[in-house]
Amino acid sequence: MNEKLVTAFNVQINAELYSEYLYLAMKAIFEEQHLTGFANWFNVQVQEEHAHAMGLYNYVHERGGKVRLDAIAKPDFKEGGILDIFEQVLKHEQLVTAKINALADEADNAKDRAAVSFLDWYVKEQVEEEASVRQIISNLKLIGDDKKALLMLDRELAARTFVQPVIG
């Protein structure tokens, strides 16, 4: 890989680790509220983001590039209601999608077919990530102030499990 592309991969590794850190901070909010299902949903997100970062990390190594880890920024979000938090999650996932697309564009510009092929998994994953969050937002809007329905959604989210992705 050319150095410009390696640098772009390293920037994305940092972005994925930031996402992991952000979702860990959000998980803590739901644990404090004893909403264990929502906390579980974020716990799975934490694990997924870590796996995404490591997929990129391993790819850079496989291609002979040098991984350069930068500081991870403090999670930046506003605590609020559940709907507010998930709307922030959607905005964050849209930002990640834009970053993945920019990285894929960089791979395309470098005419690095292997990197383009590898990043196709990430492009598809972001479609799923955004759809998942949109579904939760839709459910939360339907629920409104109904505490019983909120507890039902919490129980539903408690059933979510992490499945190690096969990246690439």
Side-chain angles (χ1 to χ4, degrees), residues 1-31 38-80 83-138 157 160-168:
M1 284 195 303
N2 72 39
E3 197 55 40
K4 188 174 179 184
L5 188 55
V6 170
T7 298
F9 265 84
N10 280 311
V11 168
Q12 190 62 40
I13 290 168
N14 183 269
E16 299 293 338
L17 292 172
Y18 172 80
S19 295
E20 176 183 4
Y21 202 40
L22 174 66
Y23 293 151
L24 187 60
M26 290 175 169
K27 174 188 172 190
I29 291 170
F30 290 102
E31 286 179 325
F38 284 94
N40 179 66
W41 188 89
F42 278 100
N43 190 54
V44 172
Q45 284 302 112
V46 165
Q47 293 173 78
E48 284 186 0
E49 299 305 335
H50 183 78
H52 297 167
M54 292 309 298
L56 294 162
Y57 176 102
N58 292 334
Y59 184 76
V60 170
H61 274 293
E62 287 173 10
R63 294 289 307 277
K66 184 167 177 99
V67 172
R68 300 191 194 287
L69 298 177
D70 288 328
I72 300 170
K74 179 181 177 183
D76 182 27
F77 69 100
K78 295 178 184 171
E79 289 190 40
L83 179 59
D84 294 332
I85 290 173
F86 275 91
E87 286 175 339
Q88 290 176 75
V89 170
L90 179 58
K91 285 181 186 171
H92 178 73
E93 287 298 335
Q94 290 167 335
L95 175 66
V96 172
T97 297
K99 289 176 183 274
I100 291 289
N101 289 339
L103 179 56
D105 288 345
E106 188 64 42
D108 200 40
N109 291 339
K111 298 188 184 319
D112 189 325
R113 298 296 171 237
V116 169
S117 178
F118 173 77
L119 290 169
D120 188 51
W121 183 91
Y122 284 86
V123 171
K124 291 174 186 172
E125 175 68 8
Q126 280 310 118
V127 171
E128 292 174 20
E129 293 281 352
E130 288 186 30
S132 170
V133 177
R134 278 192 191 95
Q135 182 62 54
I136 293 171
I137 289 171
S138 293
L157 296 178
R160 185 177 187 219
T161 59
F162 174 69
V163 176
Q164 182 69 41
V166 178
I167 299 173

Task: Salt bridge flag under 4.0 Å for residues Glu87 and Lys91 - done: no
Open item on the list: Counting C-beta onward and ignoring hydrogens, is there a side-chain heavy-atom pair between Val60 and Lys66 closer than 4.5 Å?
Closed with: no
Open item on the list: Once rounded to the nearest 0.5 Å, what's the spacing between atom CE of Met54 and atom CG of Leu17?
Closed with: 8.5 Å
Task: Side-chain heavy-atom pair Gln45, His50 within 4.5 angstrom cut-off - done: no
Task: N-O pairing of Lys4 and Asp112 below 4.0 Å - done: no
Open item on the list: Ignoring hydrogens and geometry beyond distance, is a side-chain donor-acceptor pair present between Glu16 and Gln12 at under 3.5 Å?
Closed with: yes
Task: Minimum heavy-atom distance between Ala71 and Asn14, given as atom pair plus value - done: O-ND2, 3.0 Å
Open item on the list: For Phe77 together with His92, are the ring centres under 6.0 Å from each other?
Closed with: no
- [ ] Measure across Ala8 and Leu103 and return the closest heavy-atom pair with its distance rounded to 0.1 Å.
- [x] CB-CD1, 3.5 Å
Task: Taking every non-hydrogen atom, the tightest pair across Ser19 and Val96 - done: OG-CG2, 3.8 Å
TODO: Supply the atom-to-atom distance Thr7 OG1 to Glu106 CD, rounded to the nearest 0.5 angstrom.
DONE: 9.0 Å
Open item on the list: As an exercise, state the distance from OH of Tyr57 to CD of Glu62, rounded to the nearest 0.5 Å.
Closed with: 12.0 Å
TODO: Answer yes or no: is there a side-chain heavy-atom contact under 4.5 Å between Leu90 and Ile136?
DONE: no
Open item on the list: Nearest 0.5 angstrom please: Phe38 CZ to Asn40 CG, how far?
Closed with: 11.5 Å
- [ ] Heavy atoms only: give me the nearest Arg68-Asn10 pair and the separation to one decimal.
- [x] N-OD1, 3.0 Å
Open item on the list: Under 6.0 Å between ring centres: does that hold for Phe86 and Trp41?
Closed with: yes
Task: Within-4.5 Å side-chain heavy-atom neighbours: Leu56 and Leu119 - done: yes
TODO: Show the numbers, then the answer: is there a side chain to side chain contact (heavy atoms under 4.5 Å, CB included) between Val166 and Trp121?
DONE: CA-CA 9 Å; Val166 178; Trp121 183 91; 6.0 Å; no
Open item on the list: Is the shortest side-chain heavy-atom distance between Asn2 and Leu5 below 4.5 Å?
Closed with: yes
Task: Closest approach of Tyr21 to Ala73 (non-hydrogen atoms, all atoms of both residues) - done: CD2-O, 3.5 Å
Open item on the list: Is there a side-chain contact between Asp108 and Arg113 in this structure, where contact means two heavy atoms from C-beta onward sitting under 4.5 Å apart?
Closed with: yes
Task: CA sep, side-chain torsions, deciding dist, call: Tyr23, Val44, side chain to side chain contact (heavy atoms under 4.5 Å, CB included) - done: CA-CA 9 Å; Tyr23 293 151; Val44 172; over 6 Å; no
Task: Polar side-chain atom of Ser138 near backbone of Arg134 as donor-acceptor pair, under 3.5 Å - done: yes
Task: Side chain Gln88, main chain Lys78, donor-acceptor under 3.5 Å - done: yes
Task: Gap separating the CD1 atom of Ile29 from the CE atom of Met26, nearest 0.5 angstrom - done: 7.0 Å
Open item on the list: If you define the side chain from C-beta out and look only at heavy atoms, does anything of Tyr122 sit under 4.5 Å from Lys99?
Closed with: no
Open item on the list: So Tyr59 and Ile167, do their side chains get closer than 4.5 Å, heavy atoms only?
Closed with: no
Open item on the list: Here's a test for you: under side chain to side chain contact (heavy atoms under 4.5 Å, CB included), which of Gln94, His52, Lys124 qualifies with Glu129?
Closed with: His52
TODO: Any chance you could measure Leu22, atom CG, to Lys27, atom NZ, to the nearest 0.5 Å?
DONE: 14.0 Å
- [ ] Ignoring hydrogens and angles, tell me if any N or O in the side chain of Gln126 forms a donor-acceptor pair with the backbone of Glu93 under 3.5 Å.
- [x] yes
